[in-house]
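Notes for the one structure printed next.
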Amino acid sequence: MSLSEQEIQRRQALEALRNLGIEPYPAEGFEVTHTAEQILSAFENSPEDFVNVKLAGRIMSKRIMGKAGFADLKDHTDRIQLYFNRDEICPNEDKTLYNEVYKKLLDIGDFIGVEGSVFVTRMGEISIQVRSFTFLSKSLKPLPIVKTDAEGNVYDAFTDPEQRYRQRYVDLVVNPGVKETFLKRSKIISSMRNYFDAHGYIEVETPILQPIPGGAAARPFITHHNALDIPLYLRIANELYLKRLIVGGFDGVYEFAKDFRNEGMDRTHNPEFTVMEIYVAYKDYQWMMAFTEKMLEHVVKEVNNGDTEVPVGDRKINFQAPFKRVAILDAIKEHTGFDIAGMNEQELRDVCKQLGIETDESMGKAKLIDEIFGEKCEPNYIQPTFITDYPVEMSPLCKKHRNDPSLTERFELMVNGKELANAYTELNDPIDQRARFEEQLQLSEKGDDEAMFIDHDFLRALEYGMPPTAGMGIGIDRLTMFLTNKSSIQEVLFFPQMRPEKTKSVPTPADFVKAGVPELWAAAALDAYGSVEEMRKAKDTQIHQKLNGLRKKKKLDIPALSLEDVQGWI
RNA sequence: GACUCGAUAGCUCAGCUGGUAGAGCAUAACACUUUUAAUGUUAGGGUCCUGGGUUCGAGCCCCAGUCGAGUCACCA
């Protein structure tokens, strides 16, 4: 491992601290009495409460002026300025603590604990006059320095998305606002959870490793269980398990679930993502629509200071309930002029052709309709809109429409032209369900690699009887994107999936020494071959000649090699 | 998958008919007792993503690759 100049200096500082008897990584905790936020918000009203404060955090900047100096301390709440005065920190003759430890050995990025009193500087900034400080953890790698001036201009921002996502810890430390996004995400989830709990629904956990990946149309990740010697799949949905629980007598269950889909990645798709699914017995999709819009309105208000309107890109989206409801066939009629109700597969193909939508042989009716809707209608629904009553072919787990058996009781919630939620009156007729699965099997044989598998255990559960049930799933990542106004899913996931980092190990002379090359020759061998592997590929005679050649050329002051020497190394 | 753009110091970026690299911040040293992107002076710091090619000579031109970003397609 080769270290940069600054990394070496920090290791030296680490040593210097230890030589002074200061442990840079102490085992003890540090008692914290205040946070930066508390001090900044309450000091002016009651300064008497802040004559003795202890807080801990990371040093974010340092400014020294002779016998006094400043630093910014960032704790989990905010940043606050520290004032270090030499004679305050070092009341006695020995000024080491100021001159050496504070001035030279304390680096940006270090965690320290400080004790002192709060005051206001001449410049009017609330600061802590430090009486004593304690190293809590030394930082060996320099953080990128992002500076903001009085006008709020940001300098040298740490912006490279690759580095920000790969090293989210750094992103969180130096880029203001990143943490807020994730705090909001957390709040969205807890707000939703509270809403469900208040209705008496039960949060449950269901298997992530599934023998049959059911509940959605998607390509799964496959893995293998050694003891059972069977393939297992990472779940693409948890729907079928939650419905089993309704069969078992739960009235309302929900789960915040990580789902996994082995498909493309882009700024709206990550291989693992979070979906909340909820199932409520004795309800239908009409009820669920009303429940969903009220729930969303509630969540949006909670995370958005009581406002239902949120900015998304250059638009504003209003989550005020009730949302508009449009049947999918009406939507298609409105945006394409075609009435596709009752059309067969061939007729739909013709419509696609006239609309300029590409199709292929593997597409059934469902996919064709989905294409038309996705291509021509979906982008038009900016404000939250329920699209309802999908054709039966598109929804194999959904109950047929009470008024039209060619349709289903399903809705999707479209926001900003994207699907945010999906819900059904759940199919609980086991015979119908079996028939629908069998249609999926035919699609699969036709080449649709996303068609659903038949889950016989799920059918068996339905045969015992499932009460009428409404179910709904909502994409938490997408919801978070809307509510934080981010245009990519990577911004709302702490650790989005990335291609593995290439760790190109740079060979050093030491590697050659380890391989048996004498130290005298290691640098030359590195020069000649670049890596141990390359050298091993060469013949001993070639190595012998090449290295001696190099010795001559570079006038190395070392004895010439014999062939026997070289044979001894490899 | 296609196209476009990018990769140079710890970070943000510059670089020129093709002549072995430069700024700001960060770092180090000195000065300075309340600074505000602190300041002033000085110094150090680089496999210019990788591999080939053209050339007397490549960070720059050509080819191939890696990684990333954006647009589109595919996929939900």
Side-chain angles (χ1 to χ4, degrees), chain A residues 2-10 12-13 60-72 79 81-88 98 103-104 107-109 119-125 127 129 139-167 170 174-175 216-219 236-237 259 261-271 273 275 358 360 367 370-371 373-375 378 394 412 418-420 422 448-450 473 475 477-478 487-490 496 498-504 506-508 526-527 530:
Chain A
S2 63
L3 295 173
S4 73
E5 187 191 27
Q6 291 190 46
E7 290 173 301
I8 292 165
Q9 280 161 357
R10 289 191 174 207
Q12 287 166 350
M60 297 305 286
S61 78
K62 217 173 83 173
R63 301 176 287 282
I64 295 168
M65 276 137 296
K67 291 169 194 153
F70 292 88
D72 286 345
R79 271 187 192 219
Q81 178 165 270
L82 306 179
Y83 172 63
F84 292 80
N85 180 295
R86 187 187 68 186
D87 300 324
E88 188 78 22
Y98 182 80
K103 276 170 77 170
K104 298 186 179 167
D107 287 309
I108 292 175
F119 75 112
V120 179
T121 65
R122 232 181 258 169
M123 298 300 293
E125 178 159 349
S127 307
Q129 165 127 23
S139 164
L140 294 182
K141 252 181 147 35
L143 287 168
I145 308 294
V146 180
K147 291 199 167 185
T148 310
D149 67 15
E151 282 85 51
N153 300 315
V154 177
Y155 299 84
D156 301 325
F158 179 65
T159 52
D160 178 11
E162 174 173 7
Q163 290 198 66
R164 287 187 48 229
Y165 301 155
R166 284 195 199 281
Q167 300 187 52
V170 175
V174 304
N175 284 333
R219 281 198 295 272
I236 55 174
D259 287 345
R261 296 186 184 176
N262 203 345
E263 291 167 349
M265 289 164 56
D266 57 35
R267 69 177 202 295
T268 57
H269 296 84
N270 194 65
F273 57 101
V275 175
E358 281 182 39
D360 69 64
K367 280 238 164 184
D370 201 22
E371 283 298 316
F373 181 76
E375 193 70 25
E378 208 172 71
M394 294 175 72
E412 285 195 355
K418 304 249 164 55
E419 176 195 341
L420 177 61
N422 182 20
D448 183 345
D449 55 4
E450 292 181 343
D477 308 298
R478 281 194 182 167
S487 58
S488 83
I489 195 170
Q490 284 79 18
M498 305 279 283
R499 207 175 286 273
E501 218 172 337
K502 256 211 316 203
T503 50
K504 55 169 186 225
V506 182
T508 63
L526 173 64
D527 208 15

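Here is the naming used below: chain letters follow the sequence lines, and residue numbers restart at 1 for every chain.
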Exercise. Quickly work out the A/L3 CG to B/U47 P distance and round it to whole Å.
Key: 13 Å

Self-check item: Whole-Å P distance, B/A23 and B/C16
Solution: 16 Å

Exercise. Working to the nearest 0.5 Å, report the span between CZ of A/F273 and CZ of A/R478.
Key: 8.5 Å

Exercise. Take atom C1' in B/A7 and the same atom in B/G51, then report the distance between them in whole Å.
Key: 16 Å

Exercise. Grab the CE-P distance between A/M498 and B/C67 for me, whole Å please.
Key: 11 Å

Practice problem: Report the distance from atom CD of A/Q6 to atom P of B/C11, rounded to the nearest whole Å. | Solution: 10 Å

Self-check item: Pairwise P distance, B/G18 and B/U12 [rounded to whole Å]
Solution: 27 Å

Quiz item: How many Å lie between NZ on A/K147 and P on B/U39, as a whole number?
Solution: 7 Å

Quiz item: What form does the base of B/U12 take, syn (within 90° of 0) or anti?
Solution: anti

Quiz item: 5'-most contact on RNA chain B: A/P144 or A/R63, nearest heavy atom basis?
Solution: A/P144

Exercise. If B/A7 has a Watson-Crick or G-U wobble mate with both distances under 3.5 Å, name it; if not, just say none.
Key: B/U66

Practice problem: Quickly work out the A/R86 CZ to B/C32 P distance and round it to whole Å. | Solution: 10 Å

Quiz item: Does the distance from a Lys or Arg side-chain N to an Asp or Glu carboxylate O, for A/K418 and A/E378, drop under 4.0 Å?
Solution: no

Quiz prompt | Between B/U41 and B/G19 - P atom distance, rounded Å | solution = 31 Å

Quiz prompt | Whole-Å distance separating the CE atom of A/M65 from the P atom of B/U39 | solution = 11 Å

Quiz item: Which whole-number value in Å describes the distance from A/Q163 CD to B/G68 C1'?
Solution: 10 Å

Exercise. Take the protein atom CG of A/N270 and the nucleotide atom C1' of B/C75, then report the distance between them rounded to whole Å.
Key: 14 Å

Quiz item: Say you pick atom P in B/C25 and the same atom in B/G6; how far apart are they, in whole Å?
Solution: 27 Å

Practice problem: Please determine, for B/G46, whether a Watson-Crick or G-U wobble partner exists with both distances under 3.5 Å, and give it or none. | Solution: none

Self-check item: Whichever of A/S61 and A/A217 has its nearest RNA chain B nucleotide further upstream toward 5'
Solution: A/S61

Quiz item: Do A/D72 and A/R63 meet the salt-bridge criterion of a basic N to acidic O distance under 4.0 Å?
Solution: yes

Exercise. Using the C1' atom as the reference point in each nucleotide, state the distance between B/C72 and B/A21 in Å, no decimals.
Key: 38 Å

